[in-house]
Amino acid sequence: RTGKTVGILFVDLDNFKTINDAEGHEMGDALLQAVAQRLSGCVRGPDTVARFGGDEFLILLTELHTPEEVLTIVERIRSSFRQPFTVRDQEFFLTASIGIALYPCDGETPQELIKNADLAMYAAKAQRGDGCAFCSPEMKESALEKQRLISRLHRALERKELLLYYQPQVNARTGEIAGLEALLRWKHPEMGILSPASFIALTEQTGLIIPIGEWVLQTACETALHFHSLGIPPLPMAVNLSAIQLRDPELPAKVERVLRETGFNPHHLEFEITESTIFQDPEKVIDVLKTLKALGVRITLDDFGTGYSFLSRLKLLPVDRIKIDRHFLQEITASEKNRAIVRNIIHLAQSLGADITAEGVEKEVQLAFLLEECCEVIQGYYYYPPLPPEELEAIFLPL
Ligand code: C2E
Ligand code: CA
Ligand code: CA
């Protein structure tokens, strides 16, 4: 109405959950009230401060003469947060991440402005919090891109755009293929074959990993049986499981169903789980792993060395195999420390009675070192990259 710029601030408290968890919800509520009051003190008469939900506040600035003026207010908020919040004689230091969207350049409707301020808040949060960010065209574009990818991903299964590649694991002493790892690919109609790095996180955020993971398991078992039917000796098949799948109470029943329906020998199935997955909720995960193991399948600890395996917990884990993360192998020639780490991981696996696989082996020197340290099962470009099943078949059954 006034023809002036309007600003929306999306204010999200950093790490508020920690306080809520530690001090209880009543204290959290009182603290939110104190924050609301402090925020109200930072704005001018015609402005509005609202609680949007949880630990999120929205501020509507209606009388901006220039877009820069919004920064004065953001600065006022940030400096007011430098004083502790006192609730029931207890002092709390809080920071907030603030996203900024301006009318009309960042949106024409309230919904659009709030959405874009939220996007900007995420960008601010990504820089470790306690900061602010303006909404930008790139942000809007990448959010749109992500949205498009998600809606395509929803259809990818039924449109049969998902495929599995298989990477052989080789026994380096004999040169024989000792197992396979199933690795997901998405044949995107426009972007070509996408690696999981570009979409696994999206499948986890949307929960799509649950049906997709089931498809992966089913397909990997079917392919292994197909290879076997061609006269290829049965090989262990490794399938990756994400943290979300492990939290699915139906997982053991689904695995059981796939094994029953395909007739795949459970002793040839290995589930790969990363350390970080396990240590998010160790007791529960250990229970699930035990249930899976009772079906006869094996458990591999993937990307070992990159998470936080407390040694005390490690001995409680029902693991059959440990996979050394490829990052330790990359600088094996340059770094004595990396050599020492790899050596120790191998010893650790031996003392736990677990098998060991080295992953991401690309060079002769890496292989020589691993063989010297008695690590024989090798997965990496040195032998084979992940391959589509037809190509693998040609390797197994040369004409
Ligand atoms: P990961 O389980 O650690 O798989 C190994 C990754 O290392 C694969 O990447 C593989 O292509 C790559 N790699 C193998 N050898 C070498 C090498 O010599 N050098 C280098 N630089 N890389 C090598 P990919 O296929 O892109 O998979 C990435 C990650 O995506 C996997 O890491 C896994 O965490 C995840 N992923 C793949 N398929 C699935 C799936 O079906 N379900 C779930 N939940 N996650 C999956
Ligand atoms: Ca893996
Ligand atoms: Ca790995």
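Along the sequence shown, residues carry numbers from 1. Ligands are counted one by one from 1 in listed order, and the atoms in each one are counted from 1 as well. Not measured: the values here are computed from a predicted model.
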- Task: Would you mind checking if Arg148 and Glu145 are paired as a salt bridge, meaning a charged N to carboxylate O distance below 4.0 Å?
- Result: yes
- Query: Under a 4.5 Å cut-off applied to non-hydrogen side-chain atoms, are Arg159 and Lys187 in contact?
  - Reply: no
- May I ask you to decide whether Glu250 forms a salt bridge with Lys254, counting only side-chain N to carboxylate O separations under 4.0 Å? no
- Message: Show, in sequence, the C-alpha distance, side-chain angles and deciding distance for Asp14 and Ser97, and conclude whether the side chain to side chain donor-acceptor pair (under 3.5 Å) test is met.
- Response: CA-CA 7 Å; Asp14 299 323; Ser97 299; 2.7 Å; yes
- Query: Is Glu181 salt-bridged to Lys323, going by a charged N under 4.0 Å from an acidic O?
  - Reply: yes
- Less than 4.0 Å between a side-chain N and a carboxylate O, is that true for Arg44 and Glu63? no
- Message: Under 3.0 Å from the Ca ion (ligand 2) - does any N, O or S atom of Thr300 fall there?
- Response: no
- Do any of the N, O or S atoms of Asp303 sit under 3.0 Å from the Ca ion (ligand 3)? yes
- Message: Nearest N/O/S atom of Glu359 with respect to the Ca ion (ligand 3), by atom name, please.
- Response: OE1
- Query: Between Glu336 and Arg343, is the closest basic N to carboxylate O distance under 4.0 Å?
  - Reply: yes
- Crowded around Gln205 CD? As in, over 12 foreign heavy atoms under 6.0 Å? yes
- Message: Restricting to N, O or S, what is the name of the atom of Glu272 that lies nearest the Ca ion (ligand 2)?
- Response: OE1
- Message: If I take every N, O or S atom of Asp302, is at least one of them less than 3.0 Å from the Ca ion (ligand 3)?
- Response: yes
- If you round to the nearest 0.5 Å, how far is OH of Tyr383 from CG of Asn171? 8.0 Å
- State the atom name: nearest N, O or S atom of Glu181 to the Ca ion (ligand 2). OE2
For ligand 1, output the ligand-protein N/O contacts shorter than 3.5 angstrom; if there are none, return none.
unit_1	atom_1	unit_2	atom_2	d
ligand 1	2 (O)	Glu181	OE2	3.2
ligand 1	2 (O)	Asn240	OD1	3.1
ligand 1	2 (O)	Asp302	OD2	3.0
ligand 1	3 (O)	Asp303	OD1	3.2
ligand 1	15 (N)	Gln167	NE2	3.0
ligand 1	18 (O)	Tyr381	N	2.8
ligand 1	19 (N)	Glu362	OE2	2.4
ligand 1	21 (N)	Arg326	NH1	3.4
ligand 1	21 (N)	Glu362	OE2	3.0
ligand 1	22 (N)	Tyr381	OH	3.4
ligand 1	25 (O)	Arg185	NH1	2.9
ligand 1	25 (O)	Arg185	NH2	2.9
ligand 1	38 (N)	Leu184	N	3.0

